[in-house]
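Let me begin by presenting the structure, written as structure tokens, before commenting on it.
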Number of protein chains: 2
Amino acid sequence: MTEYKDATMLDIARELKVSKSTVSRALKDHPSIGKKTRQAIQDLAKKYNYHPNNIAYSLSKKSTKTIGVIVPMLSHYYFSTVISGIEELAYKSGYKVIICQSAESYEREVIVSQALLSSKVDGLIVSISRETVNSDHFKVYQSKNVPIVFFDRVCADMEVSSVTIDDYQGAFTAVEHLIREGRRKIAHFAGPPLLQITQKRIEGYKDALSAYGIPFDENLLIDCGSGLEQENGSMAAQEMLDRGIKPDAIFAICDPIAIGVMVTLKRNHVNIPDEVAVVGFCDEPIARVVEPQLSSLVQPAFKIGETSIELLLNQINGQDHIPEKRVLTAELQIRDSSSSTI
Amino acid sequence: MTEYKDATMLDIARELKVSKSTVSRALKDHPSIGKKTRQAIQDLAKKYNYHPNNIAYSLSKKSTKTIGVIVPMLSHYYFSTVISGIEELAYKSGYKVIICQSAESYEREVIVSQALLSSKVDGLIVSISRETVNSDHFKVYQSKNVPIVFFDRVCADMEVSSVTIDDYQGAFTAVEHLIREGRRKIAHFAGPPLLQITQKRIEGYKDALSAYGIPFDENLLIDCGSGLEQENGSMAAQEMLDRGIKPDAIFAICDPIAIGVMVTLKRNHVNIPDEVAVVGFCDEPIARVVEPQLSSLVQPAFKIGETSIELLLNQINGQDHIPEKRVLTAELQIRDSSSSTI
DNA sequence: CTGAAAGCGCTAACAA
DNA sequence: TTGTTAGCGCTTTCAG
């Protein structure tokens, strides 16, 4: 059992024969405290190695000054960068951040969101798991007036603030780029059907095609299964090849999938970009490491984090009452995997 | 101002005309509560959408059931994987985990470690920042009897539990492998001098050389500056080349550096592995994506996390009193970047 | 089986 | 400028 034989305000109050309140005030430089008393108190605090007890503070103030963050996975560059953005602004505003992973599991997501609720976070920022369809565990927050901001992956059936990137536009841009590069038979490797991003990117893909008068071919819309990992891309690409389908360009829902695709293509001696151009989404660090370097849509991850916490703090501070939906744009970073002029 | 018009135990106690204590007991299935009372209480709790207030719980129990984790960066696969290992076991044991980044900054590390102290974490797991030389902020924990476990990067001047991998052995193995592949002029790209891992790996490097009768050449011990990023490796490699030094193998302190080196080598039309073999350390996902695929030492990140939390919980539960130092071994994963039989 | 009461460490009116 | 007091929501003896 951990023991805290910490010095408390009472301890130093007794020692100095003053009251708790005086100590409390002196420690926060309250103006109405005598110079000598304050000094004496602060000195003794230092000597006793006093550290404020945040738990007690939170209980009495009914505010923990912490905000909760739930992400599907920490081990994705995208998410950890978003978190950095969140932390940066949070710390500046005197907030702590509790980070949790849902591990892409609905069940886990429910558990951590309840834990966070019980921990009385002042607000929540979340990107939902791949499995999540029910949002009751988030609606509890609303019923208790704890503000929520979703980023990237949102719950469709909730009226809350959100920060997303324009998936439709991003996909459109990517496909348009491929078309302008002279590609005509463009496949799309899609993500798990439940995710909104999957839908939006498919739409952008289709609309770009039709905008350029290219008929949509169902065979070129490839399902990568339930995962967004490299293996899913690899396998889906191999299946495609096995089925005798050979596009001249591929737009993948995300970089790992794109890279899986590239690996399979290369293994099958398909030249990139000469035979097949590839474009990913997210611009993870690996995009610059694969060969050829992968064209991708840059998601402003840090900015997404900053924006999320900004919206959240606005709500916490009562400035915003109506949910605000911010949409950022993803910019296409063209690299060798999709440019014919190599 | 966030408002919690939450139902509390008192609310449901009043409604049912019983006492707070009874509610408290009923909610935790305390045996000494009548079946009907318990049922009634639990039903009403559900109806009121009651959620326990962890803050109050923590204050009265003097234990938060949370453990703090401080890592230099979240956006490294290695660290986020360690965290997953920590979380897994922590959750199973009923502990929450608060994750913080020091962002490789000493100042930030001090701040977050104090914040965590004030938040009354029951224990701390940390991998120190690159800048950290002073460990006073951790010694406070010891003085307050809050157990600490270091992993990977430890404070040399503290008597605490730690989980590390055998850097010396890993480095030795890597270099030995290169020697057996017929390499003789083996360079080592070292890390920031302050880090213990830098020292240990250099030792392993040197000892492997001497074990095989290869004299140590100072010119082949390359300093990569203060960073462990790809750019540092790239630049250091270019400098080396510019100075006319051309080894036939390179052992890099970590994968990003190794990859930076590879990029530079390829840019200078140096063939890998024919002219120069390369081995990294850490086995990050990119190792399998670069071309040729990078040989690397696999750090059992998940296991490191599990072991850390295990040691910590032992201390929290009072089972361990003397610090325990666990050393795990890194295994060499040989890939194309260092095997001549390609 | 249930209740009363004290206490965890801190804040914040309200007094003095 | 400082003290008094009540209270935050829950746990936990000690009684009944």
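Letters A, B, ... are given to chains in the order of the sequence lines, protein chains preceding strands, and every chain is numbered from 1.
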Q) Choosing from dT12(D), dG3(C), dG9(D), which nucleotide comes nearest the side chain of K61(B)? A) dT12(D)
(Q) Would you say S21(A) places a side-chain N or O within less than 4.0 Å of OP1 or OP2 belonging to dT2(D)? (A) no
Q) What residues form a salt bridge (charged side-chain N to carboxylate O under 4.0 Å, His left out) with K303(B), not counting sequence neighbours? A) none
Q) Does dG9(D) have OP1 or OP2 sitting under 4.0 Å from an N or O in the side chain of K62(A)? A) yes
Q: Only counting residues at least two apart or in another chain, list the ones meeting ring-ring contact (aromatic ring centres under 6.0 Å, His included) with F79(A).
A: none
Q) When you check the gap from the basic side-chain N to the acidic O, do E306(A) and R326(A) get nearer than 4.0 Å? A) no
Q. In residues 25-38 of chain B, what residues come within less than 4.0 Å of DNA chain D, judged by heavy atoms?
A. R25(B), K28(B)
Q. What class does the angle between the rings of F150(B) and F138(B) fall in, given that below 30° is parallel, 30 to 60° is tilted and above 60° is perpendicular?
A. perpendicular
Q. NZ of K20(A) versus P of dG3(D): gap in Å, rounded?
A. 13 Å
Q. Using a cut-off of less than 4.0 Å, is there contact between a side-chain N or O of Y57(A) and OP1 or OP2 of dC8(C)?
A. no
**Q.** From CA spacing to verdict: ring-ring contact (aromatic ring centres under 6.0 Å, His included), Y77(A), H76(B)
**A.** CA-CA 8 Å; Y77(A) 186 77; H76(B) 275 40; 8.7 Å; no
Q: Check whether any side-chain N or O of S19(A) sits under 4.0 Å from OP1 or OP2 of dT4(D), and answer yes or no.
A: no
